[in-house]
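Convention: sequence-line order gives letters A, B, ...; per-chain numbering from 1.
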Amino acid sequence: MSASANSVMARVAAGDPSAMEDCLTRYGGLVWSIARRFSPTNADAEDAVQEVFIEVWRHAQRYDESIASEPTFIAMIARRRLIDRQRRRDRQPQTTAWDESTLPQAARDPAEWLQVCDDANRAREKMQELSSEQQRVLKLALEGGCSQSEIAERLQLPLGTVKTHARRGLIKLRELLATGADKLSGKGGAA
Amino acid sequence: MSTGPSSHDRRLELLAERALFGLSMEELRDLEFLGGDASPVDDMALDDMALAAAALDLGLHGHAMAHETMRAHLRQRTLDAVRKTASEERKAIAPIVPGSAERRVANETPRRDWLGWAVAAAALAVAAFSFSRQPNLGVESPFELRSELLAAAKRDPGSVFAADWTKTEDPAAEGASGKVIWSDKLQRGVMEFSGLAANDPKKNQYQLWIFDADRPEATPVDGGVFDIPAGKKDVLIPIDARLPISKATLFAITVEPPGGVVVSDRKRLPLLAPVPKAEDAAKDPPPAE
């Protein structure tokens, strides 16, 4: 673990009693937003949010600020948990089971974490260097809730082509991010 | 097993697939077999492919996400859930060697041919076992055993390790987590389970298998059969290895008929726990009590 002493992850890892509250304050909206994209109902999304933050608590000591920003680390945990849940549901499509009364209110100002997502900004920039097909597939893949078959259908591409674009696109992006960058430099392979 | 470029490329493809869509059980096994510098079977292993996907996700959707807030009731529920988990784990799962379980032996244990171990030869090693026993270490309770292991870890760093369970797609493992704590030196260990499905002992029982570096992979050592009682979320089970273990490399839980079996057909394999490298365990001093 390597993180500034005042980072939320460092405080969670150190067992600071108030750290998880701060973590939820700072990243609750982020995790909720990802959970909504991947979940068919608000109840499912709420369950997922709880699972994600339990995982964040369990794995806080693995956070290394030299590898990724805190929002990216949190998003990685959230995405992995939600993809697992989605696979368990056999990729049910997103439904209309959302109760509008439970939808979150939009915040007037963006969350502070957006300002520290330098790796996210770089990823968006580097994406422009991918082929247009790779970009289209990755955008749909990252929206959540879209299976490879559904992407193939939407883009009118063979399934195998979608798989190839998705895999190669992300592999290429990872290489681009590793070039001349401190974070996401490839040294994050070892947990 | 070739470790040339094609294996490397295949591994990258699987990591990319996992980061974007998740993996099927077959693909997960492929990834385990290919191994790598990040434990591919570790549910939360940090891999830069997953981080790249997360970064791009934030890059594409971050501005929209940053305007969403979590409702107060969900915030409180989540905080309560984390606190409850923390409290339960502090009570039920004392960390023997914090962090050591996170650096798993990705280059060694996941490569082990888990598919090939259950051949008839196993019967020779375990034929003399009793098939209707529960793990039993005399009058010592599992909690006392765990305390002993904790004390041993403090006295002799590296002599005791902890390895997290990795769940498969077996339905019994759906909500399961926990770890196995074992000492080759003491020949003793304990398994911690949280959320592993309760079994009906009249229909089936869980059985532990221990892979030993000094024994053929086809003949893992029987670690005993055990039950998970209904209504108990957290369960501590002592390990009852019936043969000496020279160097444990992998622990596996199968679901078997009552009493256990001599040779598992591996039809149900809910949990696996690859063992961390000895030097990794030694690097982490045991925590102060």
Working for side-chain contact (heavy atoms from CB on, under 4.5 Å), residues A:L138 and B:L20:
CA-CA 8 Å; A:L138 278 179; B:L20 293 170; 3.8 Å; yes
On a heavy-atom basis, the closest approach of A:I171 and B:A16 is CG1-CB, 4.1 Å
Using 0.5 Å steps for rounding, measure from the CD1 atom of A:I34 to the CE atom of B:M65.
4.5 Å
Atom CG in B:L74, atom CZ in A:F53: separation rounded to 0.5 Å?
8.5 Å
When every non-hydrogen atom of B:L51 is compared with those of A:A68, the smallest separation belongs to CD2-CB, 3.9 Å
Is it the case that over 12 heavy atoms from other parts of the model lie below 6.0 angstrom from the CD atom of A:E153?
no
Under a 4.5 Å heavy-atom cut-off, does chain B meet the side chain of A:L82, its backbone, both or neither?
neither
Exactly one of A:K139, A:M76, A:R79 should register a side chain to side chain contact (heavy atoms under 4.5 Å, CB included) with B:D57. Which one does?
A:R79
How far apart are the closest heavy atoms of B:A52 and A:L177, and which atoms are they?
CB-CD1, 4.0 Å
State the OG1-CD distance between B:T78 and A:E51, to the nearest 0.5 angstrom.
11.0 Å
A:L173 portion near chain B, given a 4.5 angstrom heavy-atom threshold:
side chain
Sequence neighbours excluded, which residues qualify as side-chain hydrogen bond (donor to acceptor under 3.5 Å, both in side chains) partners of A:S132?
none
Which one wins on heavy-atom pair count under 4.5 Å against chain B: A:V56, A:N121, A:V49?
A:V49
B:L58 vs A:L30, test: side-chain contact (heavy atoms from CB on, under 4.5 Å). Steps then yes/no.
CA-CA 9 Å; B:L58 291 186; A:L30 166 63; 3.4 Å; yes
Quick check: do B:S177 and A:R58 have side-chain heavy atoms less than 4.5 Å from each other?
yes
Heavy-atom cut-off 4.5 Å, strictly under: side chain, backbone, both or neither for A:K126 against chain B?
neither
With a 4.5 Å cut-off on heavy-atom pairs, point out which of B:D80, B:L60, B:L14 contacts chain A the most.
B:L60
Carboxylate-amine/guanidinium proximity below 4.0 Å for B:E68 and A:R36:
yes
Go through B:H73 and A:E46 one step at a time and tell me if the side-chain contact (heavy atoms from CB on, under 4.5 Å) criterion holds.
CA-CA 10 Å; B:H73 81 278; A:E46 291 193 358; 2.9 Å; yes
From B:R18 atom CZ to A:R167 atom CZ, the distance as rounded to the nearest 0.5 Å
13.5 Å
Any ion pair linking B:R77 and A:D47 (charged N to carboxylate O, less than 4.0 Å)?
yes
Verify, without hydrogens or angle tests, whether A:R80 (side chain) and B:A19 (backbone) share a donor-acceptor contact under 3.5 angstrom.
no
Which one wins on heavy-atom pair count under 4.5 Å against chain B: A:G169, A:G29, A:G28?
A:G29
Chain B contact via A:I74 - which portion, at a heavy-atom distance below 4.5 Å
neither
I'd like to know whether B:H61 forms a side-chain contact (heavy atoms from CB on, under 4.5 Å) with A:S33, so could you lay out the CA-CA distance, the side-chain angles of the two residues, the decisive distance to 0.1 Å, and finally the verdict.
CA-CA 10 Å; B:H61 307 112; A:S33 174; over 6 Å; no
Salt-bridge criterion met for B:E17 and A:K163 (N-O under 4.0 Å)
yes
Contact class of B:L56 relative to chain A, heavy atoms under 4.5 angstrom:
both
Where B:F21 and A:S147 come nearest, the two heavy atoms and their spacing:
CE2-C, 4.5 Å
Decide yes or no for B:R83 and A:M20: does some side-chain heavy atom of the first lie under 4.5 Å from some side-chain heavy atom of the second?
no
By side-chain hydrogen bond (donor to acceptor under 3.5 Å, both in side chains), which residues pair with A:T25, not counting sequence neighbours?
B:R75
